Amino acid sequence: MMPKLKSIDKIQFQNSLLNWFKKNKRSLPWREQAHWYPVFLSEIMLQQTQVDQALPYYVKFIKRYPNIHALSKATEQEVLSLWAGLGYYSRARNLLKTARIIVTDYQAKFPRDIKQALMLPGIGKYSASAILSIVYNLPYAVVDGNVYRVMSRLFAVPDDIRLNKTQKSIQKISDQLLSNIDPGNYNEAIMELGAVICKKQNPDCIKCPVQTFCEAFKKNEQLRYPIKSAAPSKRKITHHALIIVNKEAYLFVQRPASGLLASFWEFPILEMKKKDIKDELLESELKKIYGIEGKVTLKGDVFRHQYSHIDLTYQPVIIKSNNKKIKYLNNYRASKWCTFEELNELPIHNAHLKLIEWFKNLSQ
DNA sequence: AAAGCGGGGCG
DNA sequence: CGCCCAGCTTT
């Protein structure tokens, strides 16, 4: 599946796209200045995340860390706290690592060499191509979710875009179509087209600047593309979230340095096979797993939280304890007894903020 | 309930 | 390499 493009078609395609982009591009904060840092920060945030969702976080970050030096001096806990709620938290940890590498190894400038860029943590083919093309106008074609959709319609790609093979062939098409004169604007334009015109539902083909090049449009089959197989279903688990109360303090633990929600602070969890667990069993598990003696005083309503691969149900449990210390850390990095106010600068996941709110409302 | 949105890390 | 893991929003 490799469409042949006559060079005249290519130039017309690029011009139509670039002219449309010039007139219609959204005004976004990272497009305002011609500096690599806003582009870099925004591209990390825009991985797996749509513009509207990333925007408020971008504003917060640029305010707190206006340049690479400020960011490089931040702590991981600080960056994770600011990132909390945006998801895919390894992006935040890699952002900080990369900021430090850029300051120490690259004179505080994003490397122009794609091989060096790809060695930075959190920078893969997409981000390297986006940053190098937008910032330095280097000819690397981006392929993101928008581009998969646009290309699969333009060329009526008959194969499943989840397949590695198909993704490679779309990368090749994109490499061919890229404007070597203006690769930065071209890349932004093709993604913008996918975001605002060539949408998954209700594509606005009437306004599309490259409508005449589109195989799917010619056959009126836009909605058949991209062809994409169904995602596997999520596994369901239940966590008992333990709000362990000792006088005015609550027990918090810090998650392991890698994996889901790495380094986040939360209430200790009991993972049980069954859903309705007797208080006595919770208390004996608490003793066994954490070495803490306590009594269940109240259970709240369950609520769900969905991750990419897990459908998690939380069962809030309030426990009264006289223990001063947690005996077993298990996989956790640290533990501490503290009040909710003392948690301010720590990264806490939404589900656990919800637990705190629920508990606060109870005690009023 | 399902779909949209890239990169790391392992074998 | 291919394959599995990772969050939240919108529809």
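What's counted below: heavy atoms across the whole structure, side chains too, no hydrogens, waters or symmetry copies. In what follows, chains are A, B, ... by sequence order, proteins preceding strands, each numbered from 1. The structure displayed is predicted, hence computed values, not measured ones.
No engagement by A/Arg235 is indicated, since no non-hydrogen atom pair under 4.0 Å with the nucleic acid exists.
By the 6.0 Å contact criterion, CG on A/Asp276 is open, its count of non-hydrogen atoms from other residues, nucleotides or ligands being 12 or less.
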Taking only nitrogen or oxygen atoms into account, show me every contact under 3.5 Å that the protein makes with nucleotides 8-11 of chain B, one pair per line with its distance.
residue, atom, partner, partner atom, Å
B/dG8, OP1, A/Gly122, N, 2.4
B/dG8, OP1, A/Ile123, N, 3.1

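For A/Tyr148, no side-chain nitrogen or oxygen approaches OP1 or OP2 of B/dG4 to under 4.0 Å. Taking only side-chain nitrogens and oxygens, A/Arg91 never comes nearer than 4.0 Å to OP1 or OP2 of C/dA6.
The closest side-chain donor-acceptor pair between A/Glu342 and A/Tyr250, if any, does not fall under 3.5 angstrom. Between the side chains of A/Gln171 and A/Asp175, at least one donor-acceptor pair of N or O atoms lies under 3.5 Å. Side-chain contact, A/Arg149 with A/Asn146: a donor N or O sits under 3.5 Å from an acceptor N or O.
Partners of A/Lys325 according to the salt bridge (charged side-chain N to carboxylate O under 4.0 Å, His left out) rule, which considers only residues two or more places apart in sequence or in another chain, do not exist here. Taking A/Phe252 as the reference, A/Phe267 meet the ring-ring contact (aromatic ring centres under 6.0 Å, His included) condition, with sequence neighbours excluded. By the ring-ring contact (aromatic ring centres under 6.0 Å, His included) test, A/Tyr37 pairs with no residue at all, sequence neighbours left out. For the ring-ring contact (aromatic ring centres under 6.0 Å, His included) test, no residue two or more places apart in sequence or in another chain qualifies with A/Tyr57. Listed by chain and number, the residues in a salt bridge (charged side-chain N to carboxylate O under 4.0 Å, His left out) with A/Arg255 are A/Glu266 (sequence neighbours excluded). Partners of A/Tyr148 by ring-ring contact (aromatic ring centres under 6.0 Å, His included), not counting sequence neighbours: none found.
Near DNA chain B, meaning a heavy atom under 4.0 Å away, there are no residues from residues 255-269 of chain A. If you check residues 187-202 of chain A against DNA chain C, you find no residue with a heavy atom closer than 4.0 Å. Less than 4.0 Å separates DNA chain C from at least one heavy atom of each of the following residues of residues 45-58 of chain A: A/Gln48, A/Gln53. Contacts between residues 300-310 of chain A and DNA chain C, defined by a heavy-atom separation under 4.0 Å, are made by A/His305, A/Gln306, A/Tyr307, A/Ser308, A/His309.
The separation of C/dT10 from B/dG7, taken at their P atoms, amounts to 22 Å, rounded to a whole angstrom.
Counting Ile, Leu, Val, Met, Phe, Trp and Tyr side chains that sit under 4.5 Å apart, directly or through other members, A/Tyr225 shares a hydrophobic cluster with A/Ile227.
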Quiz item: What do the steps show when you test A/Tyr290 against A/Tyr328 for ring-ring contact (aromatic ring centres under 6.0 Å, His included), and what is the final call?
Solution: CA-CA 5 Å; A/Tyr290 296 104; A/Tyr328 310 116; 8.7 Å; no
